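First the proteins, then the strands, lettered A, B, ... as listed; each starts at 1. Treat the numbers as computed from the prediction; the structure is a model and nothing was measured.
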Protein chains: 2
Amino acid sequence: MLKTLDRAGYHLTGQRRAMAELIASRSDSFTADDLVAEAAEARPPIGRATVFRSLEIFESLGLVERVHVVRSDHAYVVCDPARHHHHLVCERCGRNTEIRDVGIAAIARDLADKTGYRVNSHRFELFGICPDCQTTSPNNS
Amino acid sequence: MLKTLDRAGYHLTGQRRAMAELIASRSDSFTADDLVAEAAEARPPIGRATVFRSLEIFESLGLVERVHVVRSDHAYVVCDPARHHHHLVCERCGRNTEIRDVGIAAIARDLADKTGYRVNSHRFELFGICPDCQTTSPNNS
DNA sequence: TTTACTGCAAACATTTTGCAGATGT
DNA sequence: ACATCTGCAAAATGTTTGCAGTAAA
């Protein structure tokens, strides 16, 4: 992650290292605000503005991605920037599973043919309940 | 559209009728703010708060849907509430083409098997350039 | 040493809310 | 008549920006 930042010409500041650590240690999705809260505790502490600025950079490098979580927009998830992929997010705990391409690209190509659109990108996100949450507390609609 | 509102027990006020008309006349995607501007001109004029409240209702009834347009979140598109579908949005003009299910459901089912998640919903959105915009002004990155 | 980065606090944009009065049923 | 709906303006969110100081290269 740091390597990606460095390679892109960004300074490796203490804050960005701390950000990378905070983000990397997350297996679930998180909001900018979650991060702001944690970041204030980090060493060195990271200000709100910097969190947003970093997220922007991280996103532009494909290290994190914004997903459209039900009932609360703008969550982020960690990504492997190298591969095209999609996300499967647990609606209960926020856990995120990265999905390799599974034939969506072919469907997109097919739709391009049928509609005449030139399809530049697509977004495929799945929401559900992860295995762990299915066993724990099966209550909750 | 009005019928759907009525059947759901909502009052058919002048504002809601006007909203329905504004929305129905759109073949492209629009932001809440677009609508606020138009709504102020409508008769009867519709206030900001009412636009948001109406959009919320319309969305809950499946009459419109929020899509995650690149470079500007929170656009809305008109929907057929009866059918499961996806959206293909033109990045240039905002035009929206509704896509019937094209095998995504099967993929989702397959992923549920592989990951152990109970998949409740998915979101599949495509972005590109519509046929018209491809011929008109082919400049613009 | 030079330019990028950071924090702060203020500015912004967007959406929500309380309340008194208007309106649909 | 009664509950719902509306507008307004204020408040709550969420994100961005200007600027003076700080730190990386």
#### Entry: Quiz item: R53(B) side-chain donor-acceptor pair to dG7(D) base, under 3.5 Å
yes
### Query
What does P45(B) touch in the nucleic acid at a heavy-atom separation under 4.0 angstrom: a base, only the sugar-phosphate, or nothing?
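Contact class for P45(B): sugar-phosphate only.
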### Task
For E59(A), look at atom CD and say whether over 12 heavy atoms of other residues, nucleotides or ligands are found less than 6.0 Å away.
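More than 12 within 6.0 Å, yes.
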#### Entry: Greater than 12 external heavy atoms within 6.0 Å of R48(B)'s CZ
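No.
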### Message
Below 4.0 angstrom, which residues in residues 7-24 of chain B have at least one non-hydrogen atom near DNA chain D?
### Response
Y10(B), H11(B), T13(B), Q15(B), R16(B)
Tell me, do [X] and [Y] make a side-chain contact under 4.5 Å, heavy atoms counted?
X: L35(A); Y: M19(A); result: yes
X: E65(B); Y: H85(B); result: yes
X: I57(A); Y: L5(A); result: yes
X: R7(A); Y: K3(A); result: yes

### Summary
Whichever of R48(A) and A32(B) has the more 5' nearest nucleotide on DNA chain C, that residue is R48(A)
Quickly work out the [X] [atom1] to [N] [atom2] distance and round it to whole Å.
X: D34(A); N: dT15(D); atom1: CG; atom2: P; value: 11 Å
X: D6(B); N: dT25(C); atom1: CG; atom2: P; value: 7 Å
X: L55(A); N: dT15(D); atom1: CG; atom2: P; value: 9 Å
X: L2(B); N: dT25(C); atom1: CG; atom2: P; value: 11 Å
X: R43(A); N: dT6(C); atom1: CZ; atom2: P; value: 18 Å

### Message
Run H87(B) and H122(A) through ring-ring contact (aromatic ring centres under 6.0 Å, His included) and show every step you take.
### Response
CA-CA 10 Å; H87(B) 297 282; H122(A) 62 262; over 10 Å; no
### Query
So does K114(B) pair up with D110(B), basic N to acidic O under 4.0 Å?
yes
### Message
Please tell me if R66(A) has a side-chain N or O lying less than 4.0 Å from either OP1 or OP2 of dT15(D).
### Response
yes
#### Entry: Phosphate-side-chain proximity, H74(B) and dA13(C), N/O vs OP1/OP2 below 4.0 Å
no
### Query
Which nucleotide in the set dT15(C), dT17(D), dT6(C) lies at the smallest distance from any side-chain heavy atom of F52(B)?
dT15(C)
### Task
Output the single nucleotide from dC8(C), dC8(D), dT6(D) whose closest atom is nearest the side chain of A49(B).
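That would be dC8(D).
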Give every pair of a protein N or O atom and an N or O atom of nucleotides 20-22 of chain C that lie under 3.5 Å apart, one pair per line with the distance.
none

### Task
Please check if I129(A) and V89(A) belong to a single hydrophobic cluster, counting links between Ile, Leu, Val, Met, Phe, Trp and Tyr side chain heavy atoms closer than 4.5 Å.
no
